[in-house]
Amino acid sequence: MSQSKTACILCSQNCGIVIEQDEQGNFGKILGDKDHPVSEGYICQKATRLNFYQDQARLTSPLRKKSDGTFEEISWDTAIQEIAEKLVAIRDTHGGKSIAYAGGGGQGNHLGGVYGAMLRAACNTPYIYAALAQEKTGNFWVNGHLFGRQNTNYCEPVGEAEYVMIIGANPIQSHGLPKARPTINEVARNPEKTLVVVDPRRSDTAKKADIFLQVKPGKDAYLLSAILGYIIQNNLENQEFIAKRTVGFEKIKPHFEKIPVAEYAAISGVDEQLIIDVAKGISSAKTFALRSDLGIEQSHNSTLNAYLARLLFLVTGHFGREGTNCLHSFLFPLIGHSKEPEQGGVTTQVTKMKGIGKLFPPNILPLEIDTDHPQRLRALIVDSANPVANYADSAAQRKAINNLELSVVIDVAMTETAKEAQYVLPAQTQFEKMEATFFNLEFPENFFHLRHPISKPLENTLDEPEIYHRLVTAMGEVPASFPILSEVAKLDRKIPNLKLLPAALSLTMMFKPKWKKYQLLILKETLGKALPYAYAKVAAFIWIASHLFVKRYEKQIRRLGYSQKGYALGEALFNKIIHSKSGTLVSKHTYEESWELIRHKDKKVHLEIPEMLEWLDDLPAKAKKEEAHHKNYPFNLLAGERRSYNANAILRNPAWRKKDVSGELKINPEDAKAYGIENGTWVKCISETGAVKMKTYLTDEVPQGMLSMPHGYGFDYPDHDEDTTGAIVNELTSLEDCDPLAKTPYHKNVRVKLEKIAVEA
Ligand SMILES: Nc1nc2c(c(=O)[nH]1)N[C@H]1C(S)=C(S)[C@@H](COP(=O)(O)OP(=O)(O)OC[C@H]3O[C@@H](n4cnc5c(=O)[nH]c(N)nc54)[C@H](O)[C@@H]3O)O[C@H]1N2
Ligand SMILES: Nc1nc2c(c(=O)[nH]1)N[C@H]1C(S)=C(S)[C@@H](COP(=O)(O)OP(=O)(O)OC[C@H]3O[C@@H](n4cnc5c(=O)[nH]c(N)nc54)[C@H](O)[C@@H]3O)O[C@H]1N2
Ligand code: SF4
Ligand SMILES: [Mo]
């Protein structure tokens, strides 16, 4: 038995783990890695069964679809050559904007996405469709206005604050913060601390709350503006903080002065007195931290919710101090910043949607493909994503993929999306190659974990960076190797202080400006080959990232104990990252320094966002419209609950689940009675888009009128049928039911009706 260090790949926490392996490499016991700088030995039940990821039914060869719809195995050379030729033909005939890319990384693997950007450069396309654009883009857009750039992000130090609000998130199941369970339990038990949970459902986190605000589904904007209205109408805002740290308060104030608190409390379904208690609680607390997630993002008024939630800590002065939300550093940015279209920002060709954080939303993807518009999307490369299962409206996604001139899926398994594609390319699993995520969202100390491979790659599979390198080479954009630069890189590793590599690189780019956009790929093939581990090629870009990081955060890196300065510090940081199998800290800020992370020149928070204030003023009119909606669909379905045994679409084998094998539909016992439904009754759940079959589970955890089903179920798997795989959640969701600004879907507010399925005697 040997022990290997890596990380769990099932959620954004990426807890450090230690896996026992026998001589053949089979996974044995999986434990938390005490040396991981953030998770410190913590894991949840999902990680202990990661052998079901490593040992799943895999793709074993590149595949090409035949005219009869079945796949045939082809060689890598054929696959790369044919895909490259088709991409070039489509690009040169219709322009790069007729090509799009979807995914680029899941919960554990973001290194492939770095090189996916090189393929996009070769295709000359700005379009990345990604899951983040069906949850977080409203947040990014609001952050852009408040803090100056869409790629500013704040940490959520739930364990450090005296007063905590968790809204639209269920960390006991979904995590989303380090060591979520002990952290929440501590806040709940500590008599000095107050835990407020806002959820329509008595979730596992809500059960622990000191104050549970059981909001009506989709009515958070009323609740949040009622709290803010009360604060501002009673002068409970923090005037000193507002004067010192923000601009624009006078512009937003009148909009909140006129909020009818009692009326909005009634619409939200929450008792007015509780709203007043919470308003006073937040204002008078020494420290307050907020944690929010899908419950307010994939829900009515999504982008407005993001704005109001942030105002809650901003007008009360709980920001940029210990125990409050604070901006943090990024070794490598998870997203970018998109300009507004009026300032020259890119939009899509058919629906004219703008990018946010350089991402485009899954909800418009089929609309950009499935049309006779001359500038429609004609080619799609999907990597580490399963749009048919995970993007809104499975049927529309399926149909759109079939209408493409070229569709390629890069995955470890034959997914619902891969089945529809023309080419399917087999990737190595995340334990077979070097990997990392850019979910490094901590403050004051931030970290990075470059994971080393622990399993031998399955024969005939490749890592994504290699796939992209081969494609870009076959498209004629760069040569397959760079002999002179490679020699320089080798020498540079021996005597880094001479800075030979930076000099050689800039000289090369001077003579070959066309290669500039492929710099990271070139580094992989040169510096990458000179690194101490053969598999570390893919990590070569971290060398540049480390040096850039030093330019911005020299003081904060040296605070960790490094003695080097300048260039030598960049080298030291890079070496530390490469060799730290449990991950390592990369920066340590003081709280005051978090204010330097604001990207507005005046280093202040800009509170006024005219589009949001207009939306806020419009809420009363919207409330009436929402009431009238869908009389025929009496239930609000939470379409995609995080539970003990789901993990997006990463784990396909149902045998992974220790319980809730079929992904039951939760229903309130009173509603069940009215329908003659018992525990385990099979029902058909029907929306305007589609219908699925599920088994029911009676629980008063959901209020009357609300149903809840998990996502991450319903995948085809050898030797399993519907009874044990459950239903695909997005058969029920729709493209149109989404936020007007960010196009984030209302997955938590899907209108449905139920029918009992007659069982034959
Ligand atoms: N209705 C509804 N839909 C939802 C949600 C919901 O709550 N409700 N939640 C949404 C959210 S928040 C998210 S983040 C998305 C996620 O949706 P997606 O972006 O589709 O991501 P994942 O399900 O994480 O992963 C997808 C694929 O990565 C593959 N994979 C795993 N490891 C590797 C690897 O090393 N290389 C490659 N190439 N592939 C690999 C897996 O086999 C899987 O097919 O789904 C969302 N969809
Ligand atoms: N077990 C497990 N954990 C996961 C994942 C997984 O697949 N499985 N996926 C990971 C990913 S990609 C993500 S993005 C996170 C998401 O993590 P969360 O957002 O925490 O998870 P959800 O269960 O989708 O929704 C959170 C809560 O929102 C509530 N909610 C529903 N409607 C509303 C509403 O209208 N208002 C409010 N205030 N609340 C509402 C639900 O009842 C639920 O308790 O989880 C991550 N962690
Ligand atoms: S699922 Fe998330 S919280 Fe659980 S062990 Fe994995 S990374 Fe950690
Ligand atoms: Mo997510």
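Both counts, for ligands and for their atoms, begin at 1 and track the order of listing.
A cation-pi arrangement is present between Arg657 and Tyr713, with the terminal nitrogen or guanidinium carbon under 6.0 Å from the aromatic centre and inside a 45° cone about the axis.
For the side-chain contact (heavy atoms from CB on, under 4.5 Å) with Val215, the lone residue among Leu223, Ile267, Ile167 that qualifies is Leu223. The side-chain contact (heavy atoms from CB on, under 4.5 Å) test with Asp393 is passed by exactly one of Val388, Leu365, Thr689, Asn363: Thr689. When Asn386, Asn390, Asn730 are each tested for a side chain to side chain donor-acceptor pair (under 3.5 Å) with Glu416, only one passes: Asn386. Across Glu641, Lys666, Arg201, a single residue satisfies side chain to side chain donor-acceptor pair (under 3.5 Å) together with Ser708, and that is Glu641.
Of the N and O atoms on the side chains of Asp204 and Gln173, at least one donor lies less than 3.5 Å from an acceptor on the other residue.
Take a cut-off of 2.8 Å around atom 2 (Fe) of ligand 3: the protein N, O or S atoms inside it are Cys11 SG.
Applying the salt bridge (Lys or Arg N to Asp or Glu O under 4.0 Å) test to Asp618 and every residue at least two apart in sequence or in another chain returns nothing.
Ring planes of Phe27 and Phe431: perpendicular class, angle over 60° (limits at 30 and 60°).
Every pair passing salt bridge (charged side-chain N to carboxylate O under 4.0 Å, His left out) that includes a residue from residues 166-179 is listed here, sequence neighbours excluded: Glu40-Lys179.
Within 4.0 Å of ligand 2, protein heavy atoms belong to Cys11, Lys46, Gln107, Glu135, Ile167, Gly168, Ala169, Asn170, Gln173, Ser174, Val198, Asp199, Pro200, Arg201, Ser203, Val215, Pro217, Gly218, Asp220, Asp293, Leu294, Gly295, Ile296, Ser299, Leu638, Gly640, Glu641, Arg642, Arg643, Asn646, Ala647, Asn648, His711, Lys748, Asn749, listed by chain and number.
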